[in-house]
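What follows is one structure encoded as structure tokens, with my remarks underneath.
Everything quoted here is computed from the prediction, not taken from an experiment.
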Amino acid sequence: MRDDLIATLGVVIRDDLIELALTHRSYAYEHGGIAHNERLEFLGDSVLGQAVTVWLYNEFPDLPEGDLARRRAAVVSMDALAEVARAIDLGPHIRLGKGESRQGGALKASILSDTVEALIGATYISAGPAQAEEFVLRLLAPLLSDPERFGLHHDPKTSLQEIASRLGAPAPVYEVTGDGPDHARVFTASVTIADVVETGSGSSRRAAEIDAAGKALRVLLQRESDTE
């Protein structure tokens, strides 16, 4: 199964590092506190940001800094990276704790995007900066060719606030609750805007609020589209 993933990724990653990149903290906790992928995720996030920044700078020489920053935010967002993960069927390869697995962790955008970043970090250590940059650009190629597809979703809370103002509605109201042990805590957020109430979940309060905001945003945008 790992061989299939390596073939899909198209890059050589050390066996120990790919196992580490695919190990979520919930699995690590259930197996005696073994190492998990968050340090690799931290490294991969930096490599990802640099690769995309350099590509955008070279590809769009006439764009001002603000536009470049927005495009970068769109293609390195949680939603965008989760889309990449789903395209390569990454979910089944992630090692999750039993509780997280029962809660559909392999489908969660936050876990999928974090694992993509961890794989980027593992590639950087295994193959070096040049191969890691090439890996990033190959993974993100569909997004880089159409970054506006994610333009509304890299910051759905801000977009939801903007649409509330446009509709003359009160600001969105969020309510967040948390459940589960500290090592595998799951947060659930509800957002209310006008007559729309949506819920979302995530491994942090912010991730849950973003998930809920994104769902509410899609409902309101569809309403606007239907009335045009």
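- Residue Tyr124 qualifies as open at atom OH: its count of foreign heavy atoms under 6.0 Å is 12 or below.
- Looking at heavy atoms from C-beta onward, Val84 lies in side-chain contact with Leu140 at the 4.5 angstrom threshold.
- A single hydrophobic cluster is not seen to contain both Val191 and Val186; linkage of ILVMFWY side chains at heavy-atom distances under 4.5 Å, directly or through other members, places them apart.
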*Give the intermediate values and the outcome of side chain to side chain contact (heavy atoms under 4.5 Å, CB included) for residues Thr188 and Asp179.*
CA-CA 8 Å; Thr188 300; Asp179 187 42; over 6 Å; no

*Given side chain to side chain contact (heavy atoms under 4.5 Å, CB included), test His24 with Glu100 step by step and report yes or no.*
CA-CA 9 Å; His24 186 257; Glu100 188 65 70; 4.0 Å; yes

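- In this structure, the side chains of Thr123 and Val12 stay at 4.5 Å or more apart for every pair of heavy atoms.
- When the side chains of ILVMFWY residues are joined at heavy-atom separations under 4.5 Å, either directly or via intervening members, Ile88 and Ile13 end up in a single hydrophobic cluster.
- More than 12 heavy atoms of other residues, nucleotides or ligands sit less than 6.0 Å from atom CG of Asp16.
- In this structure, the side chains of Leu5 and Asp89 stay at 4.5 Å or more apart for every pair of heavy atoms.
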*Just do the side chain to side chain contact (heavy atoms under 4.5 Å, CB included) check on Ile120 and Phe135 with the steps written out, would you?*
CA-CA 7 Å; Ile120 293 169; Phe135 177 56; 4.0 Å; yes

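- Here the side chain of Lys108 pairs no donor or acceptor atom with the backbone of Gly202 at under 3.5 angstrom.
- How far CG of Leu90 is from CG of Leu22: 6.5 Å, rounded to the nearest 0.5 Å.
- Between the side chain of Thr8 and the backbone N or O of Asp4 there is at least one donor-acceptor pair closer than 3.5 Å.
- One finds the NZ atom of Lys98 at 12.0 Å from the OG atom of Ser26 (value rounded to the nearest 0.5 Å).
- When only modelled atom types and interatomic distance are considered, Arg14 and Ser126 share no side-chain donor-acceptor pair under 3.5 Å.
- Inter-residue side-chain proximity for Arg71 and Val75 is flagged as unmet; no heavy-atom pair is nearer than 4.5 Å.
- A 4.5 Å side-chain heavy-atom check between Arg206 and Ile210 finds at least one atom pair inside the cut-off.
- With rounding to the nearest 0.5 angstrom, the NZ atom of Lys215 is 14.5 Å from the CG atom of Leu220.
- The shortest side-chain heavy-atom distance between Met78 and Ser110 falls under the 4.5 Å cut-off.
- Looking at Leu144 and Leu137, their side chains come closer than 4.5 Å, going by heavy atoms from C-beta outward.
- A distance of 12.0 Å separates CG of Leu217 from CD of Gln161, quoted to the nearest 0.5 Å.
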Could you list the donor-acceptor pairs under 3.5 angstrom formed by side chains in residues 42-60, with sequence neighbours left out?
unit_1, atom_1, unit_2, atom_2, d
Thr53, OG1, Gly49, O, 2.6
Thr53, OG1, Arg72, NH1, 2.9
Asn58, ND2, Val54, O, 3.3

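- Heavy-atom contacts from other residues, nucleotides or ligands closer than 6.0 Å to CZ of Arg185 number more than 12.
- When the options Ile111, Asp114, Thr115, Leu119 are evaluated for a side chain to side chain contact (heavy atoms under 4.5 Å, CB included) with Asn37, the one that passes is Thr115.
- Remark: Tyr174 OH is packed, more than 12 non-hydrogen atoms of other residues, nucleotides or ligands lying under 6.0 Å away.
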*Please step through salt bridge (Lys or Arg N to Asp or Glu O under 4.0 Å) for the pair Glu209 and Lys157, ending with a clear verdict.*
CA-CA 8 Å; Glu209 288 178 348; Lys157 291 185 68 176; 2.6 Å; yes

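- Ionic pairing of Glu38 and Arg25 is present here: one or more N-O contacts between side-chain nitrogen and carboxylate oxygen are shorter than 4.0 angstrom.
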*Determine, step by step, whether Ile6 and Ile18 satisfy the side chain to side chain contact (heavy atoms under 4.5 Å, CB included) criterion, reporting the C-alpha distance in whole Å, the side-chain angles of both residues, the deciding distance to 0.1 Å, and the verdict.*
CA-CA 9 Å; Ile6 288 291; Ile18 195 164; 3.2 Å; yes

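- Glu117 places no side-chain N or O within donor-acceptor distance of the main-chain N or O of Leu40, the cut-off being under 3.5 Å.
- In this structure Tyr27 satisfies the ring pair (Phe, Tyr, Trp, His ring centres under 6.0 Å) test together with His31, sequence neighbours excluded.
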